[in-house]
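Working notes, structure below.
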2 protein chains.
Amino acid sequence: MSTPVRILLADDHALVRRGVRLILDSEPDLTVVAEAGDGAEAIALARTERPDLAILDIAMPRLTGLQAARELSRLLPGIRILILTMYDNEQFFFEALRAGASGYVLKSVADRDLVEACRAAMRDEPFLYPGAVTALIRDYLDRAARGGELPARVVTEREEEVLKLVAEGHSSKEIAGLLFISVKTVERHRANLLQKLGLRDRLELTRYAIRAGLIEP
Amino acid sequence: MSTPVRILLADDHALVRRGVRLILDSEPDLTVVAEAGDGAEAIALARTERPDLAILDIAMPRLTGLQAARELSRLLPGIRILILTMYDNEQFFFEALRAGASGYVLKSVADRDLVEACRAAMRDEPFLYPGAVTALIRDYLDRAARGGELPARVVTEREEEVLKLVAEGHSSKEIAGLLFISVKTVERHRANLLQKLGLRDRLELTRYAIRAGLIEP
DNA sequence: CCGGAAATGGGTGGCAGTGCCCATTGCCGC
DNA sequence: GCGGCAATGGGCACTGCCACCCATTTCCGG
């Protein structure tokens, strides 16, 4: 066997990093070479360490795991990426695939699975938990029914700013003041977000932002 | 040295349980004898295993860690309890103390700390992360300033029902229909919750419910 | 160069949430 | 028994959110 797979591990909870590290380091073909507590740190470490594989939590400060994944794919084209998350959610699953991830593992079900996902990623095989397969098939059928256009809907930067502030509990008037724009424009961005994400009101926007790690609960 | 401390570990993420177990079992004086994925399972296992120490995550399905802690203190009076959580929040810290916990450990800072907290709990010494000490002192000063009354405000069962439904995005009318009461009564419960918890609107109630593990984001 | 998307701003109307006032019933503990 | 608290319900007024309509400016890519 050749040298072990060099892994970058990013999660904002030291306890989780420690546990995952113990799990991975007990496998002879896997070794954790760097740990990051947020997305920005993950990118900085990836520049110097140049790992073979990055395991990224979605909900992290500064940069989310998905944002970090996009940046890492651009920076180190050969890198493999696994997204490790609490939430079984189609939206994030497809976002992860678009961001360059080759696997998606749930914290609630993973322990042995994580090791298998690492090996699958290095063999360039996708790793999908069972629920994700269902979502993938449903999406395929949906796209076929609609004639083949791909959704690829992405929240713009400005919209994400507004999303954060809405989810933090600011009123439209407050957000307008913070961003130096009119209340109407804030409401328009919010309406676009609701429509793009298929949500109903600012309460659902809040839950979305929490799942995405954009804000702390 | 006598027999190791027998520990019950409850967290809804298998990955976290696995990691924590690896950390604890590597200490000769600590051993994990049972793992639970939710609060109800934790209580059932505690009945049969009668552990010396329970480590409980706050955010769990069925029963939260705080609810489980209250029940465990009642059921097994000698048991020591550690609350292990993502959130550095005074509200939960004091709730945990009232629920019978002798320690409060943050996932974001704990790894070595967790082992120390276990040993402190078994010596009947409280374990406090630094921020908690600050909160404790501030609370002490506040109580002294107000003349010594203790807050002890607890959300009633009915209020908790309403809290969950509000946080899940149901309107007052929907909740009224689900609970067979009038819209006005729903609004009164919600208003009482806002006042008791020191929150401003249903969006903050949602974030509170998520932190408390009452609902999933 | 032209079409589309992003960002900006406006008006109108309806409904929900929230605050503040009022009340009754029933239960528990001192 | 009586005081307090939980749970129930109502009225009124204000504010904010959201849906639906309208528009202009800027910039990027084919």
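This is a predicted model, so every value here is computed, not measured. Just so it is clear, the values below take in all heavy atoms, side chains as well, and ignore hydrogens, waters and symmetry mates. Chain identifiers are assigned alphabetically (A, B, ...) following the order of the sequence lines, protein sequences preceding nucleic acid strands; residue numbering begins at 1 within each chain.
Residues B/D11 and B/V20 have side chains not in contact (no heavy-atom distance under 4.5 Å, counting atoms from C-beta outward). Looking only at side-chain heavy atoms (C-beta outward), B/Y208 and B/L194 stay at 4.5 Å or farther from each other. Proximity of B/I210 to B/I215: side-chain heavy atoms (C-beta onward) are separated by under 4.5 Å at one or more points. Proximity of A/V32 to A/R6: side-chain heavy atoms (C-beta onward) are nowhere separated by under 4.5 Å.
Looking only at distances, a side-chain donor or acceptor of B/T206 sits under 3.5 Å from a matching main-chain atom of B/R202.
Remark: A/T185 is not in phosphate contact with C/dT8, judged by side-chain N or O atoms under 4.0 Å from OP1 or OP2. Contact check, A/H189 against C/dT8: a side-chain N or O comes under 4.0 Å of OP1 or OP2.
A donor atom on one side chain and an acceptor atom on the other are found under 3.5 Å apart for B/R190 and B/S172.
The distance from atom CZ of B/F180 to atom P of D/dT8 is 13 Å, rounded to the nearest whole Å. At whole-Å resolution of the value, CG in B/L179 and P in D/dG9 are 10 Å apart. A/I181 has its CD1 atom 15 Å from the C1' atom of D/dT25, to the nearest Å. One interatomic measurement links the two molecules: NZ of B/K196 to C1' of D/dC5, which rounds to 9 Å at whole-angstrom precision. Summarising the geometry, the separation between CG on A/L193 and P on C/dA6 is reported as 11 Å, rounded to the nearest angstrom.
For A/K184, the salt bridge (charged side-chain N to carboxylate O under 4.0 Å, His left out) partners two or more places apart in sequence, or in a different chain, are A/E187. With sequence neighbours left out, A/E41 forms a salt bridge (charged side-chain N to carboxylate O under 4.0 Å, His left out) with no residue at all. Listed by chain and number, the residues in a salt bridge (charged side-chain N to carboxylate O under 4.0 Å, His left out) with A/R62 are A/D38 (sequence neighbours excluded).
Taking a 4.0 Å limit (strictly below) on heavy-atom distances, residues 156-163 of chain B reaches DNA chain D at B/T156, B/R158.
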Dump the pairs, protein N or O against N or O of nucleotides 11-22 of chain C, anything under 3.5 Å, distances to one decimal.
residue, atom, partner, partner atom, Å
C/dG11, N7, A/K184, NZ, 3.4
C/dG11, O6, A/K184, NZ, 2.6
C/dG17, OP2, B/S172, N, 3.3
C/dG17, OP2, B/S172, OG, 3.1
C/dT18, OP1, B/R202, N, 2.7
C/dT18, OP2, B/R190, NE, 3.0
C/dC21, N4, B/R188, NH2, 3.2

message: Under the criterion salt bridge (charged side-chain N to carboxylate O under 4.0 Å, His left out), I'd like the reasoning laid out for A/R17 against A/D12: C-alpha separation, chi angles, the key distance, then a yes or no.
response: CA-CA 8 Å; A/R17 290 201 304 273; A/D12 54 338; over 6 Å; no
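Direction change of the helix axis from one end of the helix from C/dC1-D/dG30 to C/dC30-D/dG1 to the other is 50°, with five pairs defining each end axis (rounded to 10°).
One distance of note links CG of B/L56 with CG of B/L72; it measures 6.0 Å at 0.5 Å rounding.
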